[in-house]
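Take a look at the structure set out below.
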Amino acid sequence: MAVAAALVSGCGGDEAGTVPTPGPDEPTSTTAPSPTGPLTEGEPQIVTLREGLVDVRPVTLERIERLGPRRLLAVFYGGVEECYGVARVDVEERSDAVTLTVYEGRDPEAATCIEIAALKGIEVILGERVGDREVLDGTAVG
């Protein structure tokens, strides 16, 4: 099994959803919503690779979109861009499947980071066409 190099690209964006504000007679909660549920709505914020991140770890993908014959968009929930970023994307291309693993890390220079998830996406350009190969999340493959 060979791990193929992939070109990861993207451009900055800043679309965030809104959280409805409860009315005066509605109870409020100070409990943070689960990071596994949808915390932002709409299109993902397109991000690019960042250097110098620490505490790098793989993130579970929400979905993988096919943008073209060799282009994929890995969509995931991650920390706010001021504090967190994508350190790398590992791509394994086999004859029957393509596996993407996105790694997010923390900016060591960020002073204060809020704990809220943002919907993000990073574009991956494969070495070969996806074709009829299965496209998998590397965190789900064991």
Side-chain angles (χ1 to χ4, degrees), residues 1-94 96-131 133-142:
M1 267 188 275
V3 175
L7 175 64
V8 179
S9 65
C11 59
D14 189 28
E15 291 189 22
T18 59
V19 177
T21 305
D25 297 327
E26 295 180 44
T28 59
S29 172
T30 57
T31 305
S34 167
T36 59
L39 301 179
T40 58
E41 297 176 8
E43 294 298 313
Q45 174 188 11
I46 305 302
V47 298
T48 59
L49 295 178
R50 288 177 50 191
E51 294 183 12
L53 300 173
V54 297
D55 301 329
V56 175
R57 61 178 175 69
V59 294
T60 301
L61 301 179
E62 290 297 309
R63 66 183 182 270
I64 302 170
E65 299 175 9
R66 293 183 186 210
L67 301 177
R70 293 180 44 227
R71 295 174 48 228
L72 300 171
L73 182 69
V75 179
F76 61 97
Y77 281 102
V80 294
E81 194 62 16
E82 293 78 19
C83 297
Y84 298 91
V86 176
R88 73 177 195 269
V89 179
D90 289 350
V91 180
E92 180 182 358
E93 293 192 56
R94 298 188 325 247
D96 63 336
V98 174
T99 304
L100 303 180
T101 308
V102 175
Y103 290 84
E104 185 178 58
R106 181 179 54 80
D107 182 342
E109 302 298 318
T112 304
C113 295
I114 60 173
E115 293 294 322
I116 187 167
L119 188 63
K120 298 179 175 183
I122 189 158
E123 186 176 333
V124 178
I125 300 175
L126 304 175
E128 296 182 25
R129 292 174 163 262
V130 176
R133 296 184 288 175
E134 187 174 15
V135 181
L136 306 168
D137 175 0
T139 65
V141 177

- Query: What's the spacing between Asp107 CG and Asp55 CG if we round to 0.5 Å?
  - Reply: 11.0 Å

- Task: Only counting residues at least two apart or in another chain, list the ones meeting side-chain hydrogen bond (donor to acceptor under 3.5 Å, both in side chains) with Arg133.
- Result: Glu93

- Query: Does any non-hydrogen side-chain atom of Ile64 lie less than 4.5 Å from one of Leu73?
  - Reply: no

- Message: Check this for me: does any side-chain nitrogen of one of Glu128 and Arg70 sit under 4.0 Å from a carboxylate oxygen of the other?
- Response: no

- Message: Between Val59 and Thr139, is there a side-chain heavy-atom distance shorter than 4.5 Å?
- Response: no

- Indicate the atoms forming the closest heavy-atom contact of Gly121 with Pro44, along with that distance. N-CB, 3.7 Å

- Measure the shortest side-chain to side-chain distance between Glu104 and Val102 over non-hydrogen atoms and say whether it is less than 4.5 angstrom. no

- Note on the structure: side chain to side chain contact (heavy atoms under 4.5 Å, CB included) filter on Glu134, not counting sequence neighbours, yields Ala97, Leu136

- Quick one: CD on Glu92 to OG1 on Thr101, what's the gap to the nearest 0.5 Å? 8.0 Å

- Taking all atoms of both residues into account, what is the closest heavy-atom pair of Leu100 and Ala74, and its distance? CD1-CB, 4.2 Å

- Residues in side-chain hydrogen bond (donor to acceptor under 3.5 Å, both in side chains) with Arg66, at least two apart? none

- Query: So which of Val124, Ile125, Leu126 actually passes side chain to side chain contact (heavy atoms under 4.5 Å, CB included) with Arg71?
  - Reply: Ile125

- Are any of the side-chain heavy atoms of Leu119 and Tyr77 separated by less than 4.5 Å? yes

- All heavy atoms of Phe76 vs all of Thr60, minimum pair found to be CB-O, 3.6 Å

- Please tell me if the side chains of Glu123 and Ile46 come closer than 4.5 Å, counting only heavy atoms from C-beta onward. no

- Message: Can you tell me how far apart CG (Leu72) and CG (Leu67) are? Round to the nearest 0.5 Å.
- Response: 7.0 Å

- Task: Hey, could you give me the OH/NZ distance between Tyr84 and Lys120, rounded to the nearest 0.5 Å?
- Result: 9.5 Å

- Kindly compute the distance separating CZ (Arg88) from CD1 (Ile122), expressed to the nearest 0.5 Å. 12.5 Å

- Between the main-chain N or O of Gly79 and the side-chain N or O of Arg106, is there a donor-acceptor pair closer than 3.5 Å? no

- Task: Provide the closest heavy-atom pair for Pro108 versus Gly52 in the form atom of the first, atom of the second, distance.
- Result: CD-O, 3.3 Å

- Task: Could you pull out the closest heavy-atom pair between Leu53 and Gly85, with the gap in Å?
- Result: CD1-O, 3.2 Å

